[in-house]
2 protein chains.
Amino acid sequence: MKHTDDIHSAAREQVRESGLRVTTARVRVLAELSASGGLLSHQDIEQRLGRHRIDRVTLYRVLDSLAEHGLVHRVAGNDRIWRFGVGRGATSGATAGAGASVARELHERHAHFQCSDCGKVVCLSEVAAGRALRVPRGYRAESVELTVRGRCPQCG
Amino acid sequence: MKHTDDIHSAAREQVRESGLRVTTARVRVLAELSASGGLLSHQDIEQRLGRHRIDRVTLYRVLDSLAEHGLVHRVAGNDRIWRFGVGRGATSGATAGAGASVARELHERHAHFQCSDCGKVVCLSEVAAGRALRVPRGYRAESVELTVRGRCPQCG
DNA sequence: ACCTTGTTGCAACTTTGTTGCAACAAGCCA
DNA sequence: TGGCTTGTTGCAACAAAGTTGCAACAAGGT
């Protein structure tokens, strides 16, 4: 369990290593995602930022830039909203070059669970997704998304 | 390969068997989906209906009712757009009770492919999705969605 | 043919996401 | 430290997807 400040400076470090400019918006958003551990929707993030609120548009752009540089990963739920999460295993010790793909790889490998009632999305790290997938001739597979839908413990 | 009229009357039959009222809107939409064979977005359907156009809102409600009664299945792409498709194997000869779950079952079992360029979604019937899936204690799985993302033959 | 009840179309609205642009601040160099 | 360049931010306005309320209408039973 990390202290808030640690998460914050780790986030700052990650942003710097990714080659992106270190701005408060990026650091705060990444820190928030790291702290949550799970997947957050755009709205979730806005709420958690609280009085540190940043513009809605900026948030979109921040998340885009973080996603592009592999610091976070975007997942589409069946409620047509994006959810974002950090790669759990991504450490601040990764080298600049290799760091870019850490989060992406992690999230492409495991599955997600979305509650059909409350819409919450969590990672199912135990499930190995996308092993030995065969696509028809002419198609080129780039990534695999495996989403299980059902009821989470809270919604029974 | 079925003739247009056949598809139309088959659709009418399916709607009747599902317990829904047989309306021109429902029959036309279901027929259009059957004829296409693949997955259509809301917009695709509107275009295909052409001069038989129905109200946007009605289309939403028609698709909802068809989905609820298992005649079609909704799939979320990563472009936050719903796509709808019929269960390929659903025959008009199914009994009223059993018919309801045909489409749902079929689509829960196989995977979908979405092109990251043009956004088109197709079914990958060869891939058996969701075999031997384990979810954590407390979670209840209802359905599995496996989506492969990449390039379709047209987009290279 | 008539009546009831589910269905349709319209208008207005909400939510999610995007675009253009001027103001601003990160990073770099002297 | 101060100034310059260029990427970032916030605002306003917009676009697309989807929803809600309501009056008019048509399907299916009697």
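Order of the sequence lines sets the chain letters (A, B, ...), proteins ahead of strands, with each chain counted from 1.
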Item to check | Parallel, tilted or perpendicular, as decided by the 30° and 60° cut-offs, for the rings of A/F113 and B/Y139 | outcome: perpendicular
Checklist entry - Less than 4.5 Å apart, any side-chain heavy atom of A/V72 and any of A/V29? => result no
Interatomic distance, [X] [atom1] vs [N] [atom2] [rounded to whole Å]:
| X | N | atom1 | atom2 | answer |
| --- | --- | --- | --- | --- |
| B/Y60 | C/dT14 | OH | P | 17 Å |
| A/L66 | D/dT8 | CG | P | 11 Å |
| B/D55 | D/dA23 | CG | P | 17 Å |
| A/E46 | C/dT16 | CD | P | 9 Å |
| A/R16 | D/dG7 | CZ | P | 19 Å |
| A/D44 | C/dT15 | CG | P | 15 Å |
| B/E68 | C/dG6 | CD | C1' | 13 Å |
| A/L59 | C/dT16 | CG | P | 12 Å |

Next on the checklist: If you assign each of B/V57 and B/S65 to its closest nucleotide in DNA chain C, which residue comes earlier from the 5' end?
Outcome noted: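 The residue closer to the strand's 5' end, by nearest nucleotide, is B/S65.
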Checklist entry - B/I54 or B/R21: which one's nearest nucleotide on DNA chain C is closer to the 5' end? => result B/R21
Checklist entry - Which part of the nucleic acid, if any, lies within contact of B/R26, taking any heavy atom under 4.0 Å across all strands shown: a base, the sugar-phosphate backbone alone, or nothing? => result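 Since only primed, P, OP1 and OP2 atoms lie under 4.0 Å of B/R26, the category is sugar-phosphate.
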Item to check | Hydrophobic cluster identity match, B/Y60 and B/W82, side-chain contacts under 4.5 Å | outcome: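 Hydrophobic grouping puts B/Y60 apart from B/W82.
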Next on the checklist: When you measure only distances, ignoring hydrogens and angles, does the side chain of A/R56 come within 3.5 Å of the base of D/dG10 through a donor and an acceptor?
Outcome noted: no
Checklist outcome for this item: Side-chain contact check for A/R61: nearest option of D/dG18, C/dG17, C/dC21 is C/dC21
Item to check | B/V22 or B/H42, whichever maps to the more 5' nucleotide of DNA chain D | outcome: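 Of the two residues, B/H42 wins.
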Next on the checklist: Just to verify, which of A/L40, A/I45, A/L39 counts as forming a side-chain contact (heavy atoms from CB on, under 4.5 Å) with A/R83?
Outcome noted: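 For A/R83, the side-chain contact (heavy atoms from CB on, under 4.5 Å) test succeeds with only one of A/L40, A/I45, A/L39, which is A/L39.
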Checklist entry - So does A/W82 get a side-chain nitrogen or oxygen closer than 4.0 Å to the phosphate oxygens (OP1/OP2) of C/dT16? => result no
Next on the checklist: D/dT9, OP1 or OP2 - any side-chain N/O from A/T23 closer than 4.0 Å?
Outcome noted: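 For D/dT9, OP1 or OP2 has a side-chain N or O of A/T23 closer than 4.0 Å.
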Next on the checklist: Just by distance, no angles: are the side chains of A/S65 and A/R26 close enough, under 3.5 Å, to form a donor-acceptor pair?
Outcome noted: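 The answer is yes; a qualifying pair exists.
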